[in-house]
Amino acid sequence: MKQQKRHQTNLISNVIIVITLALLVFLSIVLYNHARLEARFDMLISWLNQIDQAVANLDSYAEIIICVFALYIVKCQLPIPMSFLCVISGMVFSLTQAIIINLIFTAFFFTVKYLEGKFIGGGWTGMILGIKQLHFIREWIEFKGNGNPYVLFVSRLVPSIPLGMVSKYYGSMKYDYLYYTLISLLGFLPRLYIYTRIGAAVYNPFSVQFIVLLMIIVGFTGISIMLFNIFYGIKSKQMNQTLLIYSKKEKYKIVL
């Protein structure tokens with residue numbers, strides 16, 4: 001049993017490493033040949049630049065902000081990637097304006113999911129963490145019932161962890177709202193900045209800036225998923241090594 005779980009953990013980690021390295025190698029090749037690709041796809045880049053100019057000539061930015069805000073409202077109930085919303089703002093507004101807008105609307109999203117958790121409950125996260133094999137994760141998150149600020153910060157920083165599920169769970173614990181919002185925004189800020197920069201550079205997908213940003217996201221996502229998989233494997237092993245548990249019927253019983 002232990003060898004099988006260890007083999008499964010190693011297999012998943014190896015698959016993640018292979019996929020991440022393959023994507024990074026591909027992006028490195030694109031980066032090396034970016035000038036040639038820009039010349040080859042000059043028509044596509046010219047078309048994207050025309051879109052950029054058309055967006056810049058729009059009369060009412062207020063209507064665009066309302067449309068972006070509407071997408072964030074939809075995001076509260078539908079699995080729209082937060083990266084997609086940040087990229088849209090980066091495409092339409094200047095970098096500084098887009099970051100401010102994304103920060104405000106992201107704080108709104110975190111607030112909505114927090115309130116859902118506070119009044120409705122932890123949802124799927126609570127059900128998943130109720131599984132016996134995941135009790136150690138629940139105890140780590142709850143941190144003696146007070147909520148772990150370090151887990152909250154890391155969950156915002158790591159792309160592979162769902163933002164809404166974590167928000168609802170911290171809301172269900174009635175974690176301090178202001179502290180929750182501040183930690184959430186600080187943890188998500190590096191990702192928000194990179195996604196917004198991608199939106200600003202998306203009109204030239206073969207530029208050095210755009211490719212390097214993609215490489216950062218791919219590398220960080222792959223590493224974070226692999227580290228979480230290793231952490232889960234280590235904790236599972238520690239749980240399996242705890243063989244003696246007090247029982248009411250028997251003084252001790254064996255847990256495999």
Side-chain angles (χ1 to χ4, degrees), residues 12 15-16 19-20 23 64-93 98-99 101-131 133-134 137-138 141 147 151-173 175 177 180-181 183-200 202 205 213-214 216-229 231-232:
I12 295 174
V15 171
I16 295 171
I19 294 175
T20 302
L23 290 174
I64 303 175
I65 293 177
I66 293 174
C67 291
V68 174
F69 181 59
L71 290 175
Y72 273 88
I73 295 176
V74 174
K75 161 67 179 172
C76 292
Q77 300 302 327
L78 296 180
I80 301 175
M82 187 66 78
S83 57
F84 174 73
L85 300 180
C86 293
V87 167
I88 288 179
S89 299
M91 293 172 62
V92 177
F93 302 97
I99 290 176
I101 290 171
N102 285 330
L103 273 175
I104 295 173
F105 291 166
T106 301
F108 166 80
F109 169 77
F110 287 153
T111 299
V112 171
K113 305 311 288 185
Y114 174 88
L115 293 176
E116 285 184 11
K118 184 176 182 179
F119 294 105
I120 301 176
W124 284 103
T125 308
M127 296 173 60
I128 294 172
L129 294 179
I131 300 174
Q133 289 79 2
L134 298 177
I137 298 180
R138 186 181 66 185
I141 294 175
V151 174
L152 178 60
F153 180 85
V154 172
S155 69
R156 303 315 192 190
L157 187 64
V158 176
S160 56
I161 300 178
L163 298 172
M165 293 178 66
V166 175
S167 301
K168 290 182 67 174
Y169 197 71
Y170 272 80
S172 67
M173 291 189 293
Y175 193 73
Y177 171 73
Y180 156 85
T181 304
I183 295 175
S184 296
L185 291 177
L186 287 176
F188 188 68
L189 185 59
R191 291 170 57 189
L192 183 147
Y193 176 77
I194 293 176
Y195 295 148
T196 308
R197 285 291 298 268
I198 287 178
V202 75
L213 290 171
L214 284 182
I216 292 173
I217 291 177
V218 170
F220 187 74
T221 302
I223 292 173
S224 62
I225 295 175
M226 185 183 66
L227 290 177
F228 179 80
N229 181 62
F231 170 78
Y232 177 76

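The structure presented is a predicted model; accordingly, all values stated were derived computationally and were not measured.
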For the pair R191 (side chain) and R156 (backbone), establish whether a donor and an acceptor sit closer than 3.5 Å, ignoring hydrogens and angles. yes
Atom pair CG (L78) and CD1 (I73), whose distance is rounded to the nearest 0.5 Å: 12.0 Å
Quick one: pull up CD1 in I101 and CG in L192 and give me the separation to the nearest 0.5 Å. 11.0 Å
T221 and T20: CA distance, side-chain angles, deciding distance, side-chain contact (heavy atoms from CB on, under 4.5 Å) verdict: CA-CA 8 Å; T221 302; T20 302; over 6 Å; no
Test log, rule side-chain contact (heavy atoms from CB on, under 4.5 Å), inputs F220 and I194: CA-CA 12 Å; F220 187 74; I194 293 176; over 6 Å; no
Shortest non-hydrogen contact between S155 and V166, atoms and distance: OG-CG1, 3.5 Å
Any chance you could measure T111, atom OG1, to K118, atom NZ, to the nearest 0.5 Å? 11.5 Å
Hey, does Y170 have a side-chain heavy atom less than 4.5 Å from the side chain of I183? no
Determine the minimum heavy-atom distance between T196 and A98, stating which atoms define it. CG2-CB, 3.4 Å
Report yes if some heavy atom in the side chain of I198 is under 4.5 Å from a heavy atom in the side chain of I217; otherwise report no. yes
Is it the case that the side chain of Y114 and the backbone of T181 share a donor-acceptor pair, with hydrogens and angles ignored and the cut-off at 3.5 Å? no
Please tell me if the side chains of L163 and F110 come closer than 4.5 Å, counting only heavy atoms from C-beta onward. yes
Nearest 0.5 Å, please: how far is CD1 in I64 from OG in S89? 10.0 Å
Distance check, rounded to the nearest 0.5 Å: Y193 atom OH versus R197 atom CZ? 3.5 Å
Counterpart residues, side chain to side chain contact (heavy atoms under 4.5 Å, CB included), relative to V112 (two or more places apart): C76, F108, E116
Under the side chain to side chain contact (heavy atoms under 4.5 Å, CB included) test, which residues partner Y72, sequence neighbours left out? V68, M82, L85, C86, N102, F105, T106
Got P190 and L157 here, is their nearest side-chain heavy-atom distance under 4.5 Å? yes
Just how far is it from atom CD of Q77 to atom NZ of K113, taken to the nearest 0.5 Å? 5.0 Å
Contacts of S83 that satisfy side-chain hydrogen bond (donor to acceptor under 3.5 Å, both in side chains) - sequence neighbours left out: none
Please work out whether the ring planes of Y195 and F188 are parallel, tilted or perpendicular, with thresholds of 30° and 60°. tilted
Is the shortest heavy-atom distance from the side chain of Y177 to the side chain of L115 under 4.5 Å? no
Grab the two heavy atoms, one from Y175 and one from L152, that are nearest each other, plus how far apart they are. CE2-CD2, 4.2 Å
Heavy-atom distance under 4.5 Å between the side chains of I65 and F93, does that happen here? yes
